[in-house]
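Below is one structure, written out as C-alpha cells, with a few remarks after it.
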Amino acid sequence: NQGVQLTYDDAVIDAIAARCTETESGGRMIDAILTQTVLPEMSKAFLEAMMDGKEIEKATIGAKDGDFVYGFE
C-alpha cells in the first residue's frame with residue numbers, strides 16, 4: 001500500500017527455511033514467521049517514520065546469525 005520497494009537476500013530464505021522444522025505444517029509456519037516477526041518490525045519502522053514526517057522509499061531485509069536485519073531508506 002505504501003509503494004515501497006522491498007528487497008531481500010538469500011540469507012532471509014535460508015533463515016526462514018531453518019525455522020521450518022515441522023513438515024506437517026506446510027506453509028503455515030512460513031506465514032507465522034512473517035506475521036509474528038517480519039511484519040511487526042516493518043510496521044513499527046513505517047509508523048515511526050510517519051510520526052516523524054518522513055517517507056520510506058526502500059526497505060531491505062537480510063539475515064545474520066539466524067535473525068532478521070532490516071534497513072529503511
Side-chain angles (χ1 to χ4, degrees):
N1 289 339
Q2 302 295 318
V4 174
Q5 178 185 354
L6 172 67
T7 58
Y8 58 91
D9 57 37
D10 290 339
V12 173
I13 296 169
D14 294 339
I16 291 172
R19 294 181 185 193
C20 295
T21 57
E22 298 176 14
T23 58
E24 299 84 23
S25 68
R28 289 187 300 274
M29 191 64 181
I30 296 170
D31 182 60
I33 292 166
L34 295 176
T35 58
Q36 295 175 11
T37 306
V38 175
L39 293 179
E41 288 294 325
M42 294 189 77
S43 296
K44 179 181 174 185
F46 278 91
L47 290 172
E48 287 175 351
M50 290 171 66
M51 288 182 357
D52 292 339
K54 298 177 183 175
E55 190 172 316
I56 295 175
E57 296 179 6
K58 183 178 178 182
T60 59
I61 307 172
K64 184 175 181 177
D65 299 326
D67 292 325
F68 298 111
V69 183
Y70 306 92
F72 301 97
E73 299 175 24

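Below, all heavy atoms of this structure are taken into account, side chains as well, without hydrogens, waters or symmetry copies. These numbers were taken from a predicted model, which means no experiment stands behind them.
Considering CD of Gln36 and CG of Asp31, their distance stands at 8.5 Å, rounded to 0.5 Å. Taken from CG in Asp9 to NZ in Lys64, the straight-line distance is 12.5 Å, to the nearest 0.5 Å.
The same ILVMFWY cluster, assembled from side-chain heavy atoms under 4.5 Å apart, contains both Leu6 and Ile16. Grouping the Ile, Leu, Val, Met, Phe, Trp and Tyr side chains by contacts below 4.5 angstrom, directly or via other members, places Met51 apart from Phe46. Linking ILVMFWY residues whenever their side-chain heavy atoms come closer than 4.5 Å, directly or via other members, leaves Ile56 and Val69 in distinct clusters. Val4 and Phe72 fall within a single hydrophobic cluster, where Ile, Leu, Val, Met, Phe, Trp and Tyr are joined by side-chain heavy atoms under 4.5 Å apart, directly or via other members.
Here the closest heavy-atom approach between residue Ile33 and residue Arg19 is recorded as CD1-CB, 3.6 Å. Across Cys20 and Ile30, no two heavy atoms sit closer than the pair SG-CG1, 3.7 Å.
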side-chain contact (heavy atoms from CB on, under 4.5 Å) between Ile61 and Glu41, intermediate numbers included: CA-CA 11 Å; Ile61 307 172; Glu41 288 294 325; over 6 Å; no
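Every residue two or more places apart in sequence or in another chain that forms a side-chain contact (heavy atoms from CB on, under 4.5 Å) with Ala15 is listed here: Ala63, Phe68. The side-chain contact (heavy atoms from CB on, under 4.5 Å) check on Glu22 picks up Glu24, Ser25, with sequence neighbours excluded.
The local environment of CG in Asp10 is sparse, with at most 12 non-hydrogen atoms from other residues, nucleotides or ligands closer than 6.0 Å.
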